[in-house]
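We count residues from 1, following the sequence as given. No experiment lies behind these values; they were computed from the predicted model shown.
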Amino acid sequence: MNTAPLIVDLDGTLIHTDMLHESALRVTRDRPFDVLRIPLWLMRGKAVLKDELASRSRLDAALLPYNDKLLDWLKEERANGRRIVLCTASDRTIAEAVAEHLGVFDEVLASDGIVNLAGEHKAEALERQYGHGGFDYVGNSSADLKVWRRARKAVVVNGARGLAGKAAALCGVEREFPARRSSVAAWRKVLRVHQWMKNLLLFMPLLAAHQVADIDGWLTLVLAFISFSLCASTVYIANDLLDLESDRAHPRKRLRPFASGTVPAWQGVLLAPLLLCASLGLGAMVGGSFLPGCCPISG
């Protein structure tokens, strides 16, 4: 029987998302004026930022996208008498809510508003408590290499290519849970490409006027079509990011890429403004009253 305590990371490991990003999204939705305070909190340290965001957002731990294969293994290990510890850089209130919901952890270590329990801080805390090589660590990112350097064994979850090899060079790998990769199909769902077909109605006036030979008209309408479609995708992404909890509570919508964690929320946060800028740029190229009067055909 393996008696070494099993230390488990939360973000990107036990769950297919990052609680800092989700807390920021919830605050953006529920308390938008507090978004202006985020730079001030960050100036005081990431631990302060996480504490402030967590205190201003409500979490339903039951709705998080858990890594079911990892969770099943943790339950087996605990049933065999192994001590299981949740150790995360997320704020303690979030970690404790997750631990209470799952009922599989014997202890919780987390950021506390003073210390951001990540990287070297996490490695030092675990070494103080369990000794060098006195624990096995379950992680998912290159930041966890600092912890694996002081661990007995590594369990690599959702790791980037080559991460397991780097972990093995430090302490050996007990087990690996392969990463889920964002597929083309997932990105089609993010963008709602099938909804773009509605915007083909833009071409109807040209066809109805029997002006199929009007090359300039076709080029203008193609630009308008792409502009409309990108703007609609921007709206879909924003809605999905702000409705994560309600989507996860829905039997079908919980499978959407952001809700399920197939596509990380931070990628949507970066993509939405880029799509909007591209949409506006193409709309400006169309000219006339297109931008002031446009409204994406969506819904």
Side-chain angles (χ1 to χ4, degrees), residues 5-31 34-35 37-67 70-71 74-75 77-78 82-130 134-141 143-144 146-148 150-151 155 157-158 244-245 248 261 264-266:
L6 191 59
I7 316 301
V8 185
D9 182 39
L10 178 64
D11 300 310
T13 303
L14 182 61
I15 57 176
H16 293 296
T17 189
D18 187 294
M19 292 312 303
L20 175 59
H21 302 155
E22 294 216 5
S23 297
L25 286 170
R26 284 195 292 272
V27 168
T28 300
R29 180 194 63 198
D30 299 334
R31 307 179 65 162
D34 280 344
V35 174
R37 305 172 68 180
I38 288 179
L40 299 177
W41 296 332
L42 185 57
M43 289 174 61
R44 295 164 56 194
K46 289 192 72 173
V48 173
L49 172 65
K50 294 174 181 179
D51 179 64
E52 294 288 354
L53 290 174
S55 68
R56 287 167 169 78
S57 59
R58 180 180 56 82
L59 170 67
D60 187 346
L63 296 178
L64 291 174
Y66 292 98
N67 187 326
L70 173 61
L71 186 55
L74 294 178
K75 291 177 180 178
E77 291 295 299
R78 191 167 192 261
R82 199 169 187 185
R83 183 174 177 81
I84 312 293
V85 178
L86 180 62
C87 183
T88 174
S90 286
D91 190 73
R92 173 168 288 277
T93 58
I94 293 173
E96 290 177 343
V98 169
E100 181 179 358
H101 168 66
L102 295 178
V104 73
F105 296 105
D106 299 291
E107 186 179 359
V108 173
L109 303 173
S111 298
D112 57 6
I114 300 173
V115 176
N116 181 40
L117 201 64
E120 195 63 35
H121 287 149
K122 181 182 287 190
E124 291 173 355
L126 291 174
E127 187 174 45
R128 282 196 304 269
Q129 185 152 340
Y130 300 106
F135 61 94
D136 296 344
Y137 181 72
V138 185
N140 73 298
S141 73
D144 293 318
K146 295 179 180 179
V147 182
W148 283 322
R150 309 191 191 199
V155 177
V157 181
N158 294 330
L244 288 174
E245 295 95 335
R248 287 169 180 161
W266 68 266

Only pairs under 3.5 Å count here: list side-chain donor-acceptor contacts from residues 38-52, not counting sequence neighbours, and write none if there are none.
residue : atom : partner : partner atom : Å
K50     : NZ   : A89     : O            : 2.9
K50     : NZ   : N116    : OD1          : 2.6
E52     : OE1  : R56     : NH1          : 2.4

Spatial distance of atom CD1 (I94) from atom OG1 (T88) [nearest 0.5 Å]: 8.0 Å
Side-chain heavy atoms of I84 within contact of E77, under 4.5 Å: yes
Closest contact, heavy atoms only, A110 versus A95: CB-CB, 3.8 Å
Any donor-acceptor pair under 3.5 Å from N158 side chain to G12 backbone: yes
Any side-chain heavy-atom pair of D144 and Y137 under 4.5 Å: yes
Side chains of L74 and L6 in contact at under 4.5 Å (non-hydrogen atoms): yes
Residue pairs, two or more places apart or on separate chains, that pass salt bridge (Lys or Arg N to Asp or Glu O under 4.0 Å) and touch residues 101-111: R78-D106, R83-E107
CG on L53 to CD on E22, rounded to 0.5 Å: 12.5 Å
Flag, side chain of D18 to backbone of D11, donor-acceptor distance under 3.5 Å: no
Student check: side-chain heavy atoms of I15 and V98 closer than 4.5 Å: no
Heavy-atom neighbours of H121 NE2 exceed 12 at 6.0 Å: no
Nearest non-hydrogen partners of G113 and D91, listed with the distance: N-OD1, 4.3 Å
Qualifying residues under side chain to side chain donor-acceptor pair (under 3.5 Å), relative to E124, sequence neighbours excluded: none
Pairwise side-chain contact, L109 with Q129, heavy-atom cut-off 4.5 Å (strictly under): yes
Counterpart residues, side chain to side chain donor-acceptor pair (under 3.5 Å), relative to T28 (two or more places apart): none
Polar side-chain atom of K122 near backbone of C87 as donor-acceptor pair, under 3.5 Å: yes
Listed partners of D112 passing side chain to side chain donor-acceptor pair (under 3.5 Å), at least two apart: none
From L10, L117, L59, residue fulfilling side chain to side chain contact (heavy atoms under 4.5 Å, CB included) relative to S90: L10
Gap separating the CG atom of L102 from the CG atom of L14, nearest 0.5 angstrom: 6.0 Å
Side-chain touch V8/V157, heavy atoms, less than 4.5 angstrom: no
With V85, the side chain to side chain contact (heavy atoms under 4.5 Å, CB included) member among Y130, F105, F135: Y130
Non-neighbouring partners of E245 that pass salt bridge (charged side-chain N to carboxylate O under 4.0 Å, His left out), sequence neighbours left out: R26, R29
Heavy-atom side-chain proximity of D30 to R58 below 4.5 angstrom: no
